[in-house]
Asker: 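Quick one: this structure, given as structure tokens, is what I'll be asking you about.
None of these values were measured; they are calculated from a predicted model.
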Amino acid sequence: QKVLNWPYGIDISPVDGSVWYAKLLGNRIGVVDRETLEVTEFHTPHSGPRRMRFGPDGILWIPSFDEGKLMRFDPQSKQFESIALPVLSQGEYEMPYALAVHQKTGDVWIAANNTDRVLRYLPAEKRFIAYPMPNRVIWFRDIDFTSDGKVCMSNANLPAYAHEDLVPA
């Protein structure tokens, strides 16, 4: 069976400098060895891996766009852990698009685009904090942090007229 080679995320391990990537439609993550350029891939337990990021401890955090999960991957043990994203009511699901890990705290920030929220996962406590956004249909594309620790997000939605204030983002 042919799998589309559709990379959709890349990050560098803070532990050994290896290059990791996600294959959105292939439901895989992979690593490129820095010395040999050999590629090793792992099937993810949930589909739609995208903008994955490493934490300062070397743990790789991966959003499952298709299934509303947060995946934790330990490159040392090669083990996945699945964490369900919180929803507002029964029967709903999330579509996490963007993800970032704060390099000082290790907190994982995830765009919860179906419910116009940003979720903050505290790994040490295994709990989420939800932050509602001021407008509906925001659709966060990326998350980053300022040097003094503020969280910044970019957003864009398609079609632009779907945005609550009718102004393209």
Side-chain angles (χ1 to χ4, degrees), residues 3-87 93-115 117-131 139-155:
V3 175
L4 291 173
N5 187 19
W6 195 340
Y8 206 102
I10 189 168
D11 204 7
I12 309 299
S13 169
V15 174
D16 63 8
S18 56
V19 178
W20 289 75
Y21 61 88
K23 280 187 177 176
L24 177 64
L25 299 180
N27 302 321
R28 296 182 180 130
I29 59 170
V31 60
V32 180
D33 184 277
R34 286 176 20 146
E35 303 299 321
T36 66
L37 301 182
E38 180 182 344
V39 174
T40 304
E41 291 191 339
F42 304 89
H43 289 273
T44 57
H46 303 286
S47 60
R50 13 179 109 222
R51 298 182 176 172
M52 61 194 196
R53 296 288 180 259
F54 276 99
D57 57 359
I59 296 297
L60 186 59
W61 296 94
I62 312 155
S64 167
F65 183 72
D66 297 345
E67 297 182 42
K69 304 281 187 197
L70 172 61
M71 295 179 278
R72 178 190 184 275
F73 181 75
D74 183 339
Q76 297 301 313
S77 68
K78 313 275 190 284
Q79 297 294 309
F80 284 93
E81 178 185 347
S82 299
I83 304 157
L85 297 181
V87 293
Y93 65 96
E94 276 301 347
M95 295 173 70
Y97 189 89
L99 180 146
V101 182
H102 194 284
Q103 291 303 301
K104 289 184 182 166
T105 66
D107 293 351
V108 181
W109 292 76
I110 310 152
N113 286 328
N114 274 5
T115 55
R117 300 178 299 159
V118 171
L119 302 174
R120 178 181 176 191
Y121 182 68
L122 291 78
E125 299 177 29
K126 295 188 179 278
R127 73 177 178 99
F128 287 93
I129 300 171
Y131 301 91
W139 204 265
F140 292 109
R141 300 291 178 171
D142 213 347
I143 303 171
D144 209 343
F145 308 97
T146 62
S147 59
D148 61 351
K150 293 183 177 79
V151 181
C152 299
M153 289 159 270
S154 63
N155 67 77

Asker: With a 4.5 Å heavy-atom cut-off, do Leu99 and Leu70 have their side chains touching?
Answerer: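 They are in contact (side-chain heavy atoms under 4.5 Å apart), so the answer is yes.
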Asker: With rounding to the nearest 0.5 angstrom, report the CD to CG distance, Gln76 to Asp57.
Answerer: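 Answer rounded to 0.5 Å: 11.0 Å.
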Asker: So, the side chain of Asn114 versus the backbone of Tyr93: is there a donor-acceptor pair under 3.5 Å, distance only?
Answerer: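 Present.
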Asker: Taking the side chain as every heavy atom from C-beta outward, state whether Pro63 and Tyr97 have any pair of such atoms under 4.5 Å apart.
Answerer: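 No - every pair of side-chain heavy atoms lies 4.5 Å or more apart.
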Asker: Would you compute the distance between atom NE2 of His46 and atom CG of Asp66 and round it to the nearest 0.5 angstrom?
Answerer: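 Answer rounded to 0.5 Å: 11.5 Å.
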Asker: Could you tell me which non-hydrogen atom of Met71 sits nearest to which non-hydrogen atom of Pro45, and how far apart they are?
Answerer: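 Smallest heavy-atom distance, with atoms named: SD-CD, 3.6 Å.
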Asker: Please step through side chain to side chain contact (heavy atoms under 4.5 Å, CB included) for the pair Arg72 and Asp74, ending with a clear verdict.
Answerer: CA-CA 7 Å; Arg72 178 190 184 275; Asp74 183 339; 4.2 Å; yes
Asker: With the side chain counted from C-beta on, respond yes when Ile129 and Leu119 share a heavy-atom pair under 4.5 Å apart, and no when they do not.
Answerer: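 In short, these two side chains do not touch, never coming nearer than 4.5 Å.
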Asker: For the backbone of Ser47 and the side chain of Ser64, can you confirm whether one donor and one acceptor N or O come within less than 3.5 Å of each other?
Answerer: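 Yes; at least one donor-acceptor contact below 3.5 Å.
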Asker: Quick one about Tyr131 and Arg117 (side-chain donor to acceptor, distance below 3.5 Å, no hydrogens or angles considered), yes or no?
Answerer: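 There is no such pair (donor and acceptor under 3.5 Å, judged by atom type) between the side chains of Arg117 and Tyr131.
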Asker: Below 4.5 Å, heavy atoms only, C-beta onward: do Lys126 and Tyr121 meet side chain to side chain?
Answerer: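 With C-beta onward as the side chain, the pair touches.
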Asker: Taking the side chain as C-beta and beyond, is there a heavy-atom pair between Leu122 and Phe128 under 4.5 Å?
Answerer: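 No; the side chains remain at least 4.5 Å from each other.
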Asker: May I ask you to test the Pro49-Lys23 pair for a side-chain heavy-atom distance under 4.5 Å?
Answerer: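 They are not in side-chain contact.
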Asker: Does the Arg53 side chain pair with the main chain of Ala98, one donor and one acceptor, at a distance under 3.5 Å?
Answerer: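 Not at all, since once roles are kept as given, no pair shorter than 3.5 Å links the two residues.
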Asker: What are the two closest non-hydrogen atoms of Ile143 and Val151, and how far apart are they?
Answerer: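 Distance-wise, the nearest heavy atoms are CG2-CG1, 3.9 Å.
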Asker: Take atom CD in Glu38; do more than 12 heavy atoms of anything else shown fall under 6.0 Å from it?
Answerer: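 No, CD of Glu38 has 12 or fewer neighbouring heavy atoms, counting only those of other groups under 6.0 Å.
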Asker: Ring centres of Trp61 and Phe73 under 6.0 Å apart?
Answerer: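 No, the ring centres sit 6.0 Å or more apart.
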Asker: Between Glu67 and Lys69, does any NZ, NE, NH1 or NH2 come within less than 4.0 Å of an OD or OE carboxylate oxygen?
Answerer: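 A salt bridge is absent here (no side-chain N lies under 4.0 Å from a carboxylate O).
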Asker: What heavy-atom pair brings Val108 and Pro123 nearest, and what distance separates the two atoms?
Answerer: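 Answer, listing the atom of Val108 first, then Pro123: CG2-CG, 4.3 Å.
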Asker: Which distance, rounded to the nearest 0.5 Å, do you find between the CZ of Arg28 and the CD of Glu41?
Answerer: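 The distance works out to 5.5 Å.
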Asker: Do the side chain of Asp11 and the main chain of Phe54 share a donor and acceptor less than 3.5 angstrom apart?
Answerer: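 Yes; judged by distance alone, with no hydrogens or angles, the pair exists.
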Asker: Side-chain contact test, heavy atoms from C-beta onward, threshold under 4.5 Å: evaluate it for Asp107 versus Val101 and give yes or no.
Answerer: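 SC-SC contact between Asp107 and Val101 ruled out.
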Asker: With heavy-atom distances below 4.5 Å as the criterion, would you say the side chains of Tyr8 and Phe65 are in contact?
Answerer: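 Result no, sub-4.5 Å side-chain heavy-atom pair not found.
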Asker: Could you pull out the closest heavy-atom pair between Pro56 and Gly106, with the gap in Å?
Answerer: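 Heavy atoms of Pro56 and Gly106 come nearest at CD-CA, 4.0 Å.
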Asker: Checking Val39 against Val31 for the side chain to side chain contact (heavy atoms under 4.5 Å, CB included) test, could you report, in this order, the C-alpha distance in whole Å, the side-chain angles of both residues, the deciding distance, and whether it holds?
Answerer: CA-CA 6 Å; Val39 174; Val31 60; over 6 Å; no
Asker: Apply side chain to side chain contact (heavy atoms under 4.5 Å, CB included) to the pair Ile29 and Tyr21, showing each step before the final yes or no.
Answerer: CA-CA 6 Å; Ile29 59 170; Tyr21 61 88; over 6 Å; no
Asker: Could you tell me which non-hydrogen atom of Phe80 sits nearest to which non-hydrogen atom of Ile62, and how far apart they are?
Answerer: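 For Phe80 versus Ile62, the nearest heavy atoms are CE2-CD1, 4.0 Å.
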Asker: Is it the case that the side chain of Asn27 and the backbone of Gly48 share a donor-acceptor pair, with hydrogens and angles ignored and the cut-off at 3.5 Å?
Answerer: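 Yes.
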Asker: Output the distance between atom CH2 (Trp20) and atom CE (Met52), rounded to the nearest 0.5 Å.
Answerer: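 Going from the CH2 atom of Trp20 to the CE atom of Met52 covers 7.5 Å.
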